[in-house]
*Asks:* 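Please see the structure below; I have some questions.
Values below: all heavy atoms of this structure, side chains included; hydrogens, waters and symmetry mates excluded.
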Amino acid sequence: MKVITCAMQKGGVGKSAISMAVAVEIAKKHKTVLIDADPQGNSTNAMLENVNFELADVLQGKCSVHEATEKTAVENLFMIPTKSLSPELRTYRQTQAVREPFIFCDLKEALEKQGFEYCMIDTCPAFDVFEENILQATDEVLPVIFLELFSLDGYTIFQNLLNDFKKRKRTQNPVLKTVVLNNYDSRKAISSQIRQQFIDSGSNFHLVQSDQSFQRSINARIPVQYLPGTKKETLEAISEIAREVE
């Protein structure tokens, strides 16, 4: 099973929207599970109406991985949810995560036994011990950048944090092959400027157009791929990102 983690230490960049959209796309061909590892529970709110167990219950040994895995309305797509503003996950991050560096590796193994081929993890805006535990089990990391002033600086900070993690852990994983440049608007000079900065830096990237469909899809609890009015460019970008990480 391949684990892809959508990450960035800055909030409000669209990680949840990209995580959900890419997971839905991959599920068209593979049995896929989306893990909501953000205490805000945004992915869960958008994908599920009712939650029995959540990720924190699995991490704290209150239920099995199988018991926490929920079927979504999307064929072939499952989810390990996190309840909105989960105090349990926040508590786990603060008190237990430092003692269990390989817990997501164990979770990965359990999901593989359930026959999952791909796992997408939606993370919170941080790069702490908890996120490092997730990265221990991650094959590929997918950073999401919101196009605004100093976007390249934020990405550079993320790269440095990731390289430091890999050096300290003496590991080659996760690989970073591409970055998602979110909210691209060719009419805005800042978007074109940042796009050129990434070209000059030699980074591989995918542009995701500015599209209100992402927010509308979350509000409607409908994947952006199935929401009427979603831009053709948005659908093409999501499809390209999914092919890149598969």
Side-chain angles (χ1 to χ4, degrees), residues 2-23 35-43 82 89-90 92-94 97-98 101 103-105 119-185 188-210 214 237-238 240-241 244-245:
K2 182 174 182 178
V3 177
I4 306 135
T5 295
C6 211
M8 180 52 57
Q9 74 277 4
K10 187 179 184 301
V13 298
K15 289 190 302 295
S16 294
I18 297 298
S19 296
M20 289 184 288
V22 174
I35 299 178
D36 190 348
D38 185 346
Q40 293 186 69
N42 292 333
S43 298
T82 286
L89 188 56
R90 291 183 186 276
Y92 178 86
R93 286 176 54 93
Q94 296 168 0
V98 70
I103 195 163
F104 278 92
C105 296
C119 173
M120 174 70 69
I121 304 181
D122 178 21
T123 61
C124 73
F127 204 123
D128 296 326
V129 171
F130 183 71
E131 284 70 41
E132 291 194 354
N133 292 352
I134 292 173
L135 293 177
Q136 293 267 53
T138 298
D139 299 293
E140 182 171 351
V141 64
L142 185 66
V144 179
I145 306 293
F146 192 86
L147 291 187
E148 58 186 0
L149 196 62
F150 305 123
S151 292
L152 186 58
D153 291 342
Y155 178 54
T156 300
I157 291 171
F158 179 82
Q159 286 181 304
N160 291 337
L161 289 169
L162 181 63
N163 290 336
D164 176 68
F165 162 79
K166 292 164 73 170
K167 182 178 180 179
R168 284 187 286 106
K169 301 298 182 179
R170 298 185 180 183
T171 179
Q172 297 300 312
N173 280 340
V175 298
L176 196 172
K177 295 180 180 179
T178 190
V179 58
V180 176
L181 302 186
N182 194 19
N183 198 47
Y184 177 75
D185 188 340
K188 295 181 178 179
I190 188 66
S191 287
S192 298
Q193 177 185 340
I194 295 170
R195 176 178 179 271
Q196 188 60 50
Q197 287 178 343
F198 273 86
I199 291 174
D200 294 342
S201 72
S203 300
N204 184 37
F205 62 86
H206 289 282
L207 291 174
V208 177
Q209 301 281 341
S210 176
F214 281 113
I238 294 301
E240 289 175 3
I241 294 168
E244 178 88 17
V245 299

*Asks:* Give a yes or no answer on whether the side chain of T178 reaches the backbone of N204 with a donor-acceptor pair at less than 3.5 Å.
*Replies:* yes

*Asks:* Please name the pair of heavy atoms, one in G154 and one in Q9, separated by the smallest distance, quoted to 0.1 Å.
*Replies:* O-NE2, 3.0 Å

*Asks:* Would you give the length of the straight line joining atom CE of M120 to atom CD of E140, rounded to the nearest 0.5 angstrom?
*Replies:* 9.0 Å

*Asks:* Can you measure from SG (C124) to NZ (K15) and round to the nearest 0.5 angstrom?
*Replies:* 7.0 Å

*Asks:* How long is the span from the NZ atom in K166 to the CG atom in N173, to the nearest 0.5 Å?
*Replies:* 7.0 Å

*Asks:* Describe, in one word, how the ring planes of F205 and F198 are oriented to each other, choosing from parallel (under 30°), tilted (30 to 60°) and perpendicular (over 60°).
*Replies:* perpendicular

*Asks:* Check whether any side-chain heavy atom of K188 sits under 4.5 Å from a side-chain heavy atom of S210, and report yes or no.
*Replies:* no

*Asks:* Taking the side chain as everything from C-beta on, heavy atoms only, tell me whether M8 gets closer than 4.5 Å to I145.
*Replies:* yes

*Asks:* Can you see which heavy atom on D38 is nearest to which on T82, and at what distance?
*Replies:* O-CG2, 3.4 Å

*Asks:* A quick test of your reading: do over 12 heavy atoms of other residues, nucleotides or ligands sit less than 6.0 Å from CD of Q172?
*Replies:* no

*Asks:* Measure the CD-CG distance between Q94 and L89 for me, rounded to the nearest 0.5 Å.
*Replies:* 10.0 Å

*Asks:* Partners of F127 by ring pair (Phe, Tyr, Trp, His ring centres under 6.0 Å), sequence neighbours excluded?
*Replies:* F158

*Asks:* Determine whether K10 and P125 make a side-chain contact, defined as any pair of heavy atoms from C-beta on separated by less than 4.5 Å.
*Replies:* no

*Asks:* Are T138 and L135 close enough that some pair of their side-chain heavy atoms sits under 4.5 Å apart?
*Replies:* yes

*Asks:* Looking at every non-hydrogen atom in both residues, tell me the closest pair between A237 and V208 and how far apart they are.
*Replies:* CB-CG2, 4.2 Å

*Asks:* We want to know whether N163 and Q159 form a side-chain donor-acceptor pair, criterion being a heavy-atom distance below 3.5 angstrom.
*Replies:* no

*Asks:* Is a donor on one side and an acceptor on the other found under 3.5 Å between the side chain of Q196 and the backbone of Q193?
*Replies:* no

*Asks:* Taking all heavy atoms of A137 and all of C105, pick out the closest pair and write down the distance.
*Replies:* CB-N, 3.7 Å

*Asks:* Specify the closest pair of heavy atoms between S151 and F146, including all atoms of both residues, with the distance to one decimal.
*Replies:* OG-O, 2.8 Å

*Asks:* So, do V3 and F104 sit near enough that their side-chain heavy atoms are less than 4.5 Å apart?
*Replies:* no

*Asks:* Could I get the full list of ring pair (Phe, Tyr, Trp, His ring centres under 6.0 Å) partners for F165, not counting sequence neighbours?
*Replies:* none

*Asks:* What are the two closest heavy atoms between Q136 and P101, and how far apart are they?
*Replies:* CG-O, 3.6 Å

*Asks:* Once you round to the nearest 0.5 Å, how far does CG of L152 lie from OG1 of T156?
*Replies:* 4.5 Å

*Asks:* Any side-chain heavy atom of V13 sitting closer than 4.5 Å to one from N182?
*Replies:* no

*Asks:* Is it true that E244 and K177 have a side-chain N and a carboxylate O under 4.0 angstrom from each other?
*Replies:* no

*Asks:* How long is the gap from CD1 on I18 to CZ on F214, to the nearest 0.5 Å?
*Replies:* 4.5 Å

*Asks:* Check whether any side-chain heavy atom of L142 lies under 4.5 Å from a side-chain heavy atom of I241, and answer yes or no.
*Replies:* yes

